[in-house]
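Structure first, commentary second.
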Amino acid sequence: MFDFEKLAVYSKAKTFNKKVHYFLTTVTLDRSTNSQLRRASLSIMLNIAEGAGRISKPDKRHFYVIARGSTFECVAIFDFLKEIQKVEQTQFESFYQDLEELSRMLFSMIKSLK
């Protein structure tokens, strides 16, 4: 087992990514928005994995910062989708809660690596 697979934040990111993947199969979005959301959600998970594989604290921190930035990107995309009525309020709230939790978890990891 790789180190990143033991991280709660990785597990949460993977679950979030699966939810996004399913959501994208149930809604019709333009190609650009679909692609951007898919890439941003996957980026959270992949940057956590890559960061966990780094040796130095600054390297680890760098990838966790990128992962946290991708959480913010997902929030912005879902906020836009809510405005154009492509996501229901309850779905939006669920995604938003997941992203808040991921952001907090990543922020804690980032702070611990200073």
Side-chain angles (χ1 to χ4, degrees):
M1 180 176 268
F2 290 92
D3 287 343
F4 69 87
E5 294 175 289
K6 300 172 192 172
L7 297 173
V9 70
Y10 175 78
S11 178
K12 179 76 177 172
K14 184 168 66 169
T15 299
F16 174 75
N17 197 48
K18 287 190 287 188
K19 280 176 67 173
V20 168
H21 181 78
Y22 175 75
F23 169 74
L24 290 173
T25 66
T26 65
V27 67
T28 303
L29 300 176
D30 64 89
R31 188 172 8 151
S32 175
T33 304
N34 184 307
S35 174
Q36 193 65 31
L37 180 55
R38 187 178 306 276
R39 288 183 293 114
S41 66
L42 188 59
S43 174
I44 299 168
M45 193 176 86
L46 296 179
N47 278 292
I48 291 167
E50 189 163 356
R54 297 301 172 132
I55 304 300
S56 73
K57 285 183 179 183
D59 278 348
K60 286 180 182 292
R61 186 176 189 277
H62 171 74
F63 285 97
Y64 298 154
V65 167
I66 293 170
R68 189 163 183 257
S70 294
T71 65
F72 283 60
E73 188 176 354
C74 288
V75 170
I77 294 168
F78 279 113
D79 182 49
F80 175 72
L81 293 177
K82 184 179 72 167
E83 287 292 319
I84 63 170
Q85 301 177 345
K86 290 289 188 174
V87 63
E88 295 177 14
Q89 183 65 30
T90 55
Q91 281 182 306
F92 173 80
E93 289 169 4
S94 177
F95 284 121
Y96 195 90
Q97 288 173 342
D98 291 342
L99 289 161
E100 275 187 318
E101 185 177 358
L102 281 165
S103 178
R104 282 193 302 271
M105 294 170 87
L106 286 163
F107 184 72
S108 293
M109 293 172 73
I110 291 163
K111 269 181 51 174
S112 75
L113 293 170
K114 284 190 176 183

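Note that this is a predicted model, so its numbers are computed, not measured.
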| said: Determine whether R39 and E73 satisfy the following criterion, side chain to side chain contact (heavy atoms under 4.5 Å, CB included), listing intermediate values before the conclusion. | reply: CA-CA 10 Å; R39 288 183 293 114; E73 188 176 354; over 6 Å; no
| What about L99 and Y22, same hydrophobic cluster or not, with Ile/Leu/Val/Met/Phe/Trp/Tyr joined at side-chain heavy-atom distances under 4.5 Å? | no
| message | Check this for me: Q85, atom CD, are more than 12 non-hydrogen atoms of other residues, nucleotides or ligands nearer than 6.0 Å? | response | no
| task | Nearest 0.5 Å please: distance from the NE2 atom of H21 over to the OG1 atom of T26. | result | 11.0 Å
| Considering all heavy atoms, the nearest M105-A8 contact | CE-C, 3.7 Å
| Which atom pair, heavy atoms only, marks the closest approach of A13 to L102? | N-CD2, 3.7 Å
| said: I'd like to know whether T15 forms a side chain to side chain contact (heavy atoms under 4.5 Å, CB included) with D98, so could you lay out the CA-CA distance, the side-chain angles of the two residues, the decisive distance to 0.1 Å, and finally the verdict. | reply: CA-CA 9 Å; T15 299; D98 291 342; over 6 Å; no
| task | Kindly give the heavy-atom pair with the smallest separation between G51 and K60, and that separation in Å. | result | O-CG, 3.1 Å
| said: Checking K86 against T33 for the side chain to side chain donor-acceptor pair (under 3.5 Å) test, could you report, in this order, the C-alpha distance in whole Å, the side-chain angles of both residues, the deciding distance, and whether it holds? | reply: CA-CA 11 Å; K86 290 289 188 174; T33 304; over 6 Å; no
| task | Output the distance between atom CE (M109) and atom CZ (R104), rounded to the nearest 0.5 Å. | result | 15.0 Å
| said: Count I, L, V, M, F, W, Y as connected when their side-chain heavy atoms are under 4.5 Å apart, and connections chain through other members. Are V87 and I84 then in the same cluster? | reply: yes
| task | Report yes if the side chains of E101 and Q97 come closer than 4.5 Å at any heavy-atom pair, otherwise no. | result | no
| Once you round to the nearest 0.5 Å, how far does CG of L37 lie from OG of S32? | 11.0 Å
| message | Would you say that F63 contacts L46 through its side chain, given a criterion of any heavy-atom pair below 4.5 Å between the two side chains? | response | no
| said: Would you say the rings of F23 and F78 are close, in the sense that their centroids are separated by under 6.0 Å? | reply: yes
| said: side chain to side chain contact (heavy atoms under 4.5 Å, CB included) for Y64 and F107? Distances and angles first, verdict last. | reply: CA-CA 8 Å; Y64 298 154; F107 184 72; over 6 Å; no
| query | If you look at every heavy atom in S103 and F72, which pair is closest and at what distance? | reply | OG-CE1, 3.6 Å
| Between OG1 on residue T71 and CD1 on residue I66, distance to nearest 0.5 Å | 12.5 Å
| message | Please verify the inter-ring angle class for Y96 with F92; under 30° counts as parallel, over 60° as perpendicular, anything in between as tilted. | response | tilted
| query | More than 12 non-hydrogen atoms from neighbouring residues, nucleotides or ligands closer than 6.0 Å to CD on E88, yes or no? | reply | no
| CG-CG distance between L42 and N47, expressed to the nearest 0.5 angstrom | 9.5 Å
| field | Non-hydrogen side-chain atoms of L29 and L81 separated by less than 4.5 Å | value | yes
| task | Report the distance from atom CG of N17 to atom OG of S41, rounding to the nearest 0.5 Å. | result | 4.0 Å
| said: Within the supplied structure, the quantity of interest is the number of heavy atoms (other residues, nucleotides, ligands) at a distance under 6.0 Å from K14 NZ; does it exceed 12? | reply: no
| said: Please check this pair: side chain of K82 against backbone of Q89, looking for a donor-acceptor N/O pair closer than 3.5 Å. | reply: no
